[in-house]
Amino acid sequence: MASRPHRSFYVPQDIEPKWQKVWEQHGVMKAADNSPKPKFYDLVMYPYPSGELHMGHARNYVMGDALARMKRMQGFEVLHPFGWDAFGLPAENAAMQHPGLHPQKWTLDNIAKSKHDLKMMGILYDWDREVTSCMPDYYRWTQWLFLLMLQRGLAYRAMAPVNWCPVDKTVLANEQVINGRCWRHPDVEVEKRDLLLDKWPQKVRVMQTNWIGRSIGAEVDFPVDGHPDETIRIYTTRPDTLFGATFMVLAPEHPLVEKVTTEKHQARVREYVEKARKETEIERMSTERDKTGVATGAFAVNPVNGERIPIWVADYVLMTYGTGAIMAVPAHDERDFEFAGRYDLQIREVIAPPTGPRGVLREAYLGPGLLVNSGQFDGLDSTVAFERICDWLESKGIGKRAVKYRLRDWLISRQRYWGAPIPVVYCPEHGIVPVPTDQLPVLLPSEYKPLSENPEFFRTACPICGREARRETDTMDTFIDSSWYFLRYASPHDDREPFDSELANHWMAVDQYTGGVEHAILHLLYSRFFTKVLHDAGMLEASEPFMRLFNQGMVKRFGQVMAKSAGNGVSIAQLSSEQGADAGRVYEMFIGPPEEDVEWTEAGLHGVVKFLQRVWRLVLEPDSLVTEGGTAGARVDADLLRRRVAQTIGRVTEHYDELRFNTAVAFLMELANAMQDYLQSGGARDAEWDSAVQTLVKLLNPLAPHISEEMWERVGEQGLLADAAWPAFDAAAAAEPKVVLVVQVAGKLRDRLEVDAGLSEADATRAALASEKVRAALDGRGPSKVIYVPDRLINLVP
RNA sequence: GUCGGCGUGGCGGAAUGGCAGACGCGCCAGCCUUAGGAGCUGGUGCCCGAAAGGGCGUGAAGGUUCAAAUCCUUUCGCCGACACCA
């Protein structure tokens, strides 16, 4: 057809590599340390380099990139760095499966592949700041920080020997010792948490709170009858129920078990303890299981009333929490109640519920109430009694208030090759000697075999006396590596210290941290812990590392999370050669709410491809969209177009800022629709149109950087779009002169009226009453009440 | 078991007290085309009705309110975390 307008087609393969090269040449995402602009630290969790990336990985990187690009255009100096959590088990597994393959080679190859994939997606980072945790210039400082913790008394080596042998049946073995060298978490930052973490997902805050497990109670010493030198120290959160303690329970590993057990009970207790020791942690922790235990034959004395109560051993009491011993109050504790029922132990009510019958309890009563059977404390409210009894215990010196945490010690050592060596030496003379910091890094030997089998590695000289000594042959948990990488980005090449305090103070805290919820507890808690320690050590001003945290949802396909192992990943190379990186980027943002898991479908991707093609035509070939004799869905004149453009600027900017990309894309589509209607309405290609085009292209840029950059060039704009200024929101230009006022009668929709914006209530009421439909609905009854929400709704209540 | 989140068209979802279903997919009709997994135009929650119009509708039941997808109570279902922490 001769009259058919010339069309140029959008071919992503022609433009994407071109712009990727240009951005790299221009150093678009390089962050300047000395910029006068306000800083914005935009961080995505650095990944474990497991191989090629696919679109399941890409989602949070696109989010981070889109935010970084917008913030740059808004005039921020953006730090958007990337790195690799490069130590870890999969590298060793790969090496074991492919003899001759070194974990380092596997890791570095994967990094190269992944880096290439990220660039193909048009995701920009300041690669000059790339951090790779398995390289000596990084783990040197991981080791340095370990020594700092050690020096500050936050890391220790348990003194008892490590017990590897399950054949060893020594009852006295100490649970904590098995773990060897541990971190001790200090009693932490819980108080300030809610104040500082208000921009964290509630879910993560709750998870961390539960994990830390702070509880308030008291420790009380119970004398042991017939053993004047021994007392059993228990921890309870219910000191108000002290008079209801009718027996004691020791954990099977408790050191006093052996001492107090009477001759007669010796055999049964030993048998029970041995059985408990053989069971796995998981078996023991199961709530499903019936509680079991044995009596020791010994008795303790309840210090409040002098009563003799039997001492039992039961595995529902854990040596690792509290003091490893409890006073059992069956009337007011579910677990003790169950145990007492099973072994026919006494149950004594000491808290009376405010309502309901007293006397025989069918289940433990856990709530508050008035104290009974409690001597001088009878009649007190249980919350008051809590404090009074604590006071009394403290005045008598037999107990005190105590706060406990559920946190376990952080076991950092791994009996593995592919990790950062723990920088410690064992000297026969001087014991544990930290490697002096000027001798760091303790290099991981290049030969791939266990460090404990590598004499060249572990044979060394004691840093103090120079005599022969042995290096620690365990490596550090990779969580240590990732607990401070965000600080290293501030000065990634610093060879004098882990990070330059001045630069770290400039960039920290991270303004936006984006990553998977699977790190909600460990990684985030450890990072907060490191930050706290470095703050206390005077190296860092920030006391919290991450201002705003976001957990993106996962990308699924065929009902399963995209994964190499599931074989359902959409590869970046394939996407790039078919629909293009931009389409993939926009699609993953449009696909659903950013925090929700989403299902990738070809149809959905296709919809986005169509959208990009339509934008291309709108911007570059608007004539091709004007149908002969075609009509617009809605008349869009220049004024309306101008308002739509202004409104879109406001809405898209706000939604990008809040990472609500799915709705932001919808707004861009609406603008494109309005522009199309404008053309169909016979709108001129004038300044108004040009401004709409320019705005659409700019707003699209963070999500679809290649196509928008190409269109920017083709319409003759100067300079890189990536460097252009973000459009400013003009509230006056966005204001609608006329609004649709919804008219309700008794809460039911009866009419819609187009009225001037900002109408007074009197005028609105008059307009509403002028409506036939409204009068019919009122049926002669005058409105006795009018609710008016300006520019939105008026409700007439008869 | 405890805690938390979520339940809206055929589908993904939008609306966080004020027009339910934005935007997109799919579907239907028309136009264009040698052709179309292309493009353009219009329609599309359900029910009654030829239409005008009306009624119903956000897992279920109840409540608060002039007004509820949104707040409260109970309940069902799905997902996630924790799981004897004294």
Side-chain angles (χ1 to χ4, degrees), chain A residues 1 4 7 9 201-207 209-211 213-215 217 234-238 241 249 251 282 284-289 291 314-318 320-329 332-336 338-339 404-408 517-518 520-521 587 590-593 595-608 610-611 613-614 617 624-633 660 662-670 672-673 676 680 740-749 751-752 773 783-789 792-798:
Chain A
M1 204 162 110
R4 188 170 183 153
R7 296 272 311 275
F9 291 95
Q202 182 209 258
K203 180 181 175 182
V204 174
R205 295 206 310 261
V206 169
M207 283 166 80
T209 304
N210 290 343
W211 179 260
R214 187 175 196 264
S215 75
I234 60 98
Y235 174 70
T236 178
T237 54
R238 294 295 302 275
T241 63
V249 184
I282 294 169
R284 273 191 58 176
M285 301 280 269
S286 168
T287 41
E288 310 294 306
R289 233 171 53 137
K291 293 187 179 18
D315 64 5
Y316 79 90
V317 173
L318 307 173
T320 46
Y321 182 78
T323 58
I326 62 159
M327 64 170 192
V329 184
H332 306 291
D333 182 283
E334 284 174 319
R335 295 151 303 182
D336 297 344
E338 186 192 329
F339 193 79
K404 296 284 175 193
Y405 299 91
R406 187 160 44 197
L407 281 174
R408 305 265 171 108
V517 72
E518 65 273 19
I521 293 181
Y587 177 48
F590 184 57
I591 188 168
E595 70 281 6
E596 298 285 330
D597 291 353
V598 291
E599 174 79 17
W600 175 285
T601 63
E602 295 302 316
L605 177 61
H606 183 65
V608 169
K610 286 205 306 190
F611 168 63
Q613 282 169 345
R614 203 150 54 87
R617 290 176 67 186
S624 75
L625 282 167
V626 182
T627 324
E628 241 172 282
T631 52
R660 294 161 67 188
N662 55 328
T663 43
V665 174
F667 299 149
L668 291 172
M669 288 172 166
E670 285 186 77
N673 290 346
Q676 200 159 339
Q680 289 286 27
V740 173
L741 188 69
V742 169
V743 185
Q744 294 181 341
V745 174
K748 276 195 178 293
L749 175 73
D751 204 358
R752 291 162 223 251
K773 293 171 183 170
S784 64
K785 189 173 178 184
V786 175
I787 290 102
Y788 179 51
V789 184
R792 302 199 76 157
L793 167 144
I794 185 163
N795 187 8
L796 306 176
V797 185

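All values below were derived from every heavy atom in this structure, side-chain atoms included, with hydrogens, water molecules and symmetry-related copies excluded. Here the structure is a predicted model, which is why all the values come from computation and not from measurement.
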Is any side-chain N or O of A/Gln676 closer than 4.0 Å to OP1 or OP2 of B/U41?
yes
Determine whether A/Arg660 and A/Thr663 make a side-chain contact, defined as any pair of heavy atoms from C-beta on separated by less than 4.5 Å.
yes
Taking for each residue the nucleotide of RNA chain B bearing the nearest heavy atom, is the 5' side occupied by A/Gly324 or by A/Arg792?
A/Arg792
Using both distances under 3.5 Å as the test, list the Watson-Crick or G-U wobble partner of B/G42, or none.
B/C28
Expressed in whole Å, how much space separates the P atoms belonging to B/G77 and B/A69?
24 Å
How many whole angstroms separate atom NZ of A/Lys203 from atom C1' of B/G5?
7 Å
Taking the C1' atom of each, how far is B/C32 from B/A38, in whole Å?
11 Å
A/Glu334 atom CD, over 12 foreign heavy atoms within 6.0 Å
no
Taking any strand in view, what nucleotide pairs with B/A35 in a Watson-Crick or G-U wobble way, both distances under 3.5 Å?
none
Looking only at atom P, what distance separates B/U2 and B/G57, rounded to whole Å?
34 Å
Rounding to an integer number of Å, can you tell me how far A/Asn210 CG sits from B/G4 C1'?
9 Å
Starting at atom CD of A/Gln680, determine the distance to atom P of B/C40, rounded to an integer number of angstrom.
9 Å
To the nearest angstrom, how far is A/Glu595 atom CD from B/U16 atom C1'?
13 Å
Against the side chain of A/Ala666, the closest entry in B/A14, B/G18, B/A22 is B/A22
Identified pairing partner of B/U75, criterion: Watson-Crick or G-U wobble below 3.5 Å:
B/G59
Would you measure the distance from the C1' atom in B/C6 across to the matching atom in B/U70 and give it in whole Å?
14 Å
What verdict does the side chain to side chain contact (heavy atoms under 4.5 Å, CB included) test give for A/Leu796 and A/Tyr788, after you've listed the backbone C-alpha separation in whole Å, the side-chain angles of each residue and the deciding distance to 0.1 Å?
CA-CA 9 Å; A/Leu796 306 176; A/Tyr788 179 51; over 6 Å; no
To the nearest Å, how far apart are A/Arg205 CZ and B/G4 P?
13 Å
Please tabulate the protein-to-nucleotide N/O contacts below 3.5 Å involving nucleotides 64-68 of chain B, giving atom names and distances.
residue	atom	partner	partner atom	Å
B/C66	OP1	A/Lys785	NZ	3.4
B/C66	O2'	A/Asn795	ND2	3.3
B/C66	O2	A/Asn795	ND2	2.4

Can you tell me how far P in B/A20 sits from the matching atom in B/C25, rounded to whole Å?
25 Å
Under 3.5 Å, which N/O atoms of the protein pair with N/O atoms of nucleotides 24-28 of chain B?
residue	atom	partner	partner atom	Å
B/G24	OP1	A/Asn673	ND2	3.3
B/C25	OP1	A/Lys610	NZ	3.3

Give the intermediate values and the outcome of side-chain hydrogen bond (donor to acceptor under 3.5 Å, both in side chains) for residues A/Arg614 and A/Asn673.
CA-CA 10 Å; A/Arg614 203 150 54 87; A/Asn673 290 346; 3.1 Å; yes
With heavy-atom distances below 4.5 Å as the criterion, would you say the side chains of A/Asp333 and A/Met327 are in contact?
no
Under 4.0 angstrom between A/Asn662 side-chain N/O and B/A14 OP1 or OP2:
yes
For the residue pair A/Asp751 and A/Val745, establish whether any side-chain heavy-atom pair is separated by less than 4.5 Å.
no
Answer whether the closest heavy-atom distance between the side chains of A/Val742 and A/Ile794 falls below 4.5 Å.
no
Would you say a side-chain N or O of A/Arg660 is under 4.0 Å from OP1 or OP2 of B/U16?
no
C1' atoms of B/G43 and B/G21, separation to the nearest Å
16 Å
Give one of base, sugar-phosphate or nothing for A/Ser215, where a contact means two heavy atoms less than 4.0 Å apart.
sugar-phosphate
B/G59 to B/G9 separation - C1' atoms, rounded to the nearest Å
15 Å
Separation of A/Phe667 atom CZ from B/A22 atom P, in whole Å?
13 Å
Check for me whether A/Lys291 meets the cation-pi criterion with A/Phe339, that is, NZ or CZ under 6.0 Å from the six-membered ring centre and within 45 degrees of the ring axis.
no
Could you check which nucleotide pairs with B/G1 in any of the strands shown, counting Watson-Crick or G-U wobble with both distances under 3.5 Å?
B/C82
Per nearest nucleotide of RNA chain B, the residue lying toward the 5' end, A/Thr323 or A/Gly592, is A/Gly592
Base-pairing assignment for B/C66 (Watson-Crick or G-U wobble, both under 3.5 Å):
B/G18
Rounded to whole Å, CD1 of A/Ile591 lies from C1' of B/G13 at a distance of 11 Å
Is there a side-chain contact between A/Leu741 and A/Arg792 in this structure, where contact means two heavy atoms from C-beta onward sitting under 4.5 Å apart?
no
State, with a plain yes or no, whether a side-chain heavy atom of A/Thr237 is found less than 4.5 Å away from one of A/Tyr235.
yes
Side-chain heavy atoms of A/Trp600 within contact of A/Tyr587, under 4.5 Å:
yes
Out of B/A22, B/C84, B/A86, whichever nucleotide has its closest atom nearest the side chain of A/Ile326
B/A86
Quick one: does A/His332's side chain get under 4.5 Å of A/Val329's, heavy atoms only?
yes
Once you round it to whole Å, what is the distance between P of B/C23 and OH of A/Tyr587?
19 Å
In terms of base orientation, is B/G53 syn or anti, with the syn window spanning 90° either side of 0?
anti
If the P atom of B/C11 is compared with that of B/C46, how far apart are they to the nearest Å?
12 Å
